[in-house]
Amino acid sequence: MYETNYHRAGSVSEAASLMAKADDGKFLAGGQTLIPTMKQRLAAPSDLIDLGQIAELQGITEAGGSLRIGAGTKHADVAGSALVQRLIPGLAKLAGGIGDPHVRHMGTIGGSVANNDPAADYPSAVMALGATVHTSSRDIAAEDYFTGMFDTALEENEIITAISFPVPEKSAYAKYPNPASRYAMAGVFVARFKDGSVRVAATGAGQNGVFRIPAMEAALSANWSADAVASINVQADDMLSDIHGSADYRANLVTVMAKRAVAAA
Amino acid sequence: MAKVSMTVNGKKVSADVEDRTLLVHYLREAQGLTGTHVGCDTSQCGACVVHVNGKAVKSCTMLAAQAGGATVTTIEGLANGADLHPVQAAFREHHGLQCGFCTPGMIMAAVDMIERHGANLDEATIRHELEGNICRCTGYHNIVKAIKAAADQMASMRTAAE
Ligand SMILES: Cc1cc2nc3c(=O)[nH]c(=O)nc-3n(C[C@H](O)[C@H](O)[C@H](O)COP(=O)(O)OP(=O)(O)OC[C@H]3O[C@@H](n4cnc5c(N)ncnc54)[C@H](O)[C@@H]3O)c2cc1C
Ligand code: FES
Ligand code: FES
């Protein structure tokens with residue numbers, strides 16, 4: 001790891017002003033992506049602004065039909081929250097399947113959504129539930145937030161403060177984890193809302209990161225069953241292809257995971 | 001460089017270290033606690049697991065500075081004098097180790113999972129919970145047996161104490 005300067009912020013505004021003073025700074029949340037990247041010398045920020053002790057980024061609350069999760073909330077705390085388990089069980093299950101227990105004790109929802117790894121789990125829930133990303137300066141709808149692999153609508157010094165998820169009637173997440181890293185080879189989040197609308201989003205598989213699957217959404221709003229999506233396939237041309245799996249394999253996995261998610265919801 | 005202080009195994013410690021110092025290096029090099037191991041550079045093997053404020057974390061994936069002010073427990077802090085911790089004793093009894101390289105991390109992970117699950121720890125849960133710990137020797141079977149035995153023993157000790 002290259003040299004860096006560590007700063008601990010006590011509030012969102014202090015974090016923003018520390019960042020403004022830094023040469024080439026980066027926010028540090030759970031560090032479960034940033035520290036491995038720095039160890040590999042793939043990132044070399046001059047300054048690290050630690051968000052880990054900021055109280056206003058913590059906490060899970062219910063308000064007006066949605067569930068608001070502070071950006072600094074750890075994966076283990078989302079997985080173990082009675083409120084999340086009751087309102088959006090698919091989200092609790094997703095958080096409990098990220099990495100391993102030690103990663104879940106450190107990694108945060110804000111860090112995961114800021115990073116937007118194409119194989120990360122949370123983006124699928126943010127997209128399928130039509131969540132809102134709250135930041136230090138504005139609210140961003142899920143549709144506008146994800147702009148491609150490792151790319152988001154966040155400005156350089158913008159801090160995610162919380163994410164609000166509309167509470168669905170039913171939801172579930174199914175992923176096929178890479179056996180070594182546990183990241184998704186394909187993960188599908190399905191949600192049905194009280195008004196009958198359905199949203200389906202897939203992660204891990206697409207070349208541009210998380211994406212919705214309109215054909216599955218239409219089929220499921222007419223007939224909520226695993227059979228309804230069994231013969232709907234995504235275009236292999238748009239899928240990732242790497243040593244872990246070919247594009248055809250991933251396209252097939254998306255359909256299989258969608259079936260499993262509907263069956264589990 | 002900055003002075004980083006924390007409580008390690010019940011003792012207040014501090015050291016002047018570079019900001020980029022990982023917690024595992026702070027423990028091994030600044031504090032001489034070499035029981036915590038480094039087995040990979042990809043945050044995947046779990047040989048470096050310690051408890052920070054009571055939770056199992058990978059000390060190779062955390063800066064010492066992030067743990068400033070925290071309470072840390074390492075493998076050296078588990079035994080009570082000459083008496084091994086029940087999980088340590090169970091690993092010995094059930095041959096839960098061969099070369100021993102992964103063992104400190106396995107034991108710290110095991111203590112953490114037993115604290116979270118108590119007597120409800122079954123074999124499937126133990127195997128799932130061990131996803132962040134790699135062993136190249138044992139094939140895991142005896143590690144799982146040792147953890148199950150320790151969990152059962154610790155649960156019965158708790159019942160007896162009530
Ligand atoms: C062994 C291992 C296995 C893993 N497996 C999975 C898996 O199965 N699925 C999965 O989804 N993830 C997995 N991860 C990644 C993990 O979920 C990370 O915790 C997550 O991607 C990043 O969150 P973090 O809090 O650790 O962020 P950090 O690593 O601290 O930060 C990541 C990036 O986000 C930025 N950032 C952080 N917080 C904010 C904020 N509030 N506002 C703006 N920017 C911010 C940082 O500047 C940095 O660029 C794994 C990681 C490891 C080490
Ligand atoms: S040394 Fe920490 S996970 Fe391998
Ligand atoms: S006993 Fe040798 S690596 Fe586990």
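On a predicted model such as this, the values are computed, not experimentally measured, just so you know. Quick note on labels: first sequence line is chain A, next is B, and so on, each numbered from 1.
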Verify, without hydrogens or angle tests, whether B/Arg20 (side chain) and A/Met38 (backbone) share a donor-acceptor contact under 3.5 angstrom. no

Is there a side-chain contact between B/Gln44 and A/Asp100 in this structure, where contact means two heavy atoms from C-beta onward sitting under 4.5 Å apart? no

Checking heavy atoms, do the side chain of B/Val57, its backbone, both or neither come under 4.5 Å from chain A? both

Proximal component of B/Ala2, with respect to chain A [non-hydrogen, under 4.5 Å]: neither

Please list, in residue-number order, every residue in residues 13-29 of chain A that has a heavy atom less than 4.5 Å from any heavy atom of chain B; write 'none' if there are none. A/Leu28, A/Ala29

Any non-hydrogen side-chain atom of B/Lys58 less than 4.5 Å from a side-chain atom of A/Val103? yes

A/Met106 and B/Thr61, any side-chain heavy atoms less than 4.5 Å apart: no

Under 3.5 Å, is there a donor-acceptor pair between the A/His102 and B/Asp112 side chains? no

Which of residues 112-125 of chain A have a heavy atom under 4.5 Å from any heavy atom of chain B? none

Please list, chain by chain and in numerical order, all residues satisfying side chain to side chain donor-acceptor pair (under 3.5 Å) with B/Asp152, sequence neighbours excluded. B/Lys148

Tell me, do B/Leu63 and A/Met1 make a side-chain contact under 4.5 Å, heavy atoms counted? yes

By a 4.5 Å heavy-atom criterion (distance strictly below it), what part of A/Asp50 contacts chain B: side chain, backbone, both, or neither? side chain

Are side-chain heavy atoms of B/Cys60 and A/Lys39 found at a separation under 4.5 Å? yes

Is it the side chain or the backbone of B/Gln66 that comes within 4.5 Å of chain A heavy atoms, both, or neither? both

Given the options B/Glu129, B/Met113, B/Glu18, B/His128, which has more heavy-atom pairs under 4.5 Å with chain A than any of the others? B/Glu129

For the side chain of A/Gln40 and the backbone of B/Asp41, is there at least one donor-acceptor N/O pair under 3.5 Å apart? yes

d(B/His51 NE2, A/His105 NE2) to nearest 0.5 Å is 9.0 Å

Please list, chain by chain and in numerical order, all residues satisfying side chain to side chain donor-acceptor pair (under 3.5 Å) with A/Asp47, sequence neighbours excluded. A/His7

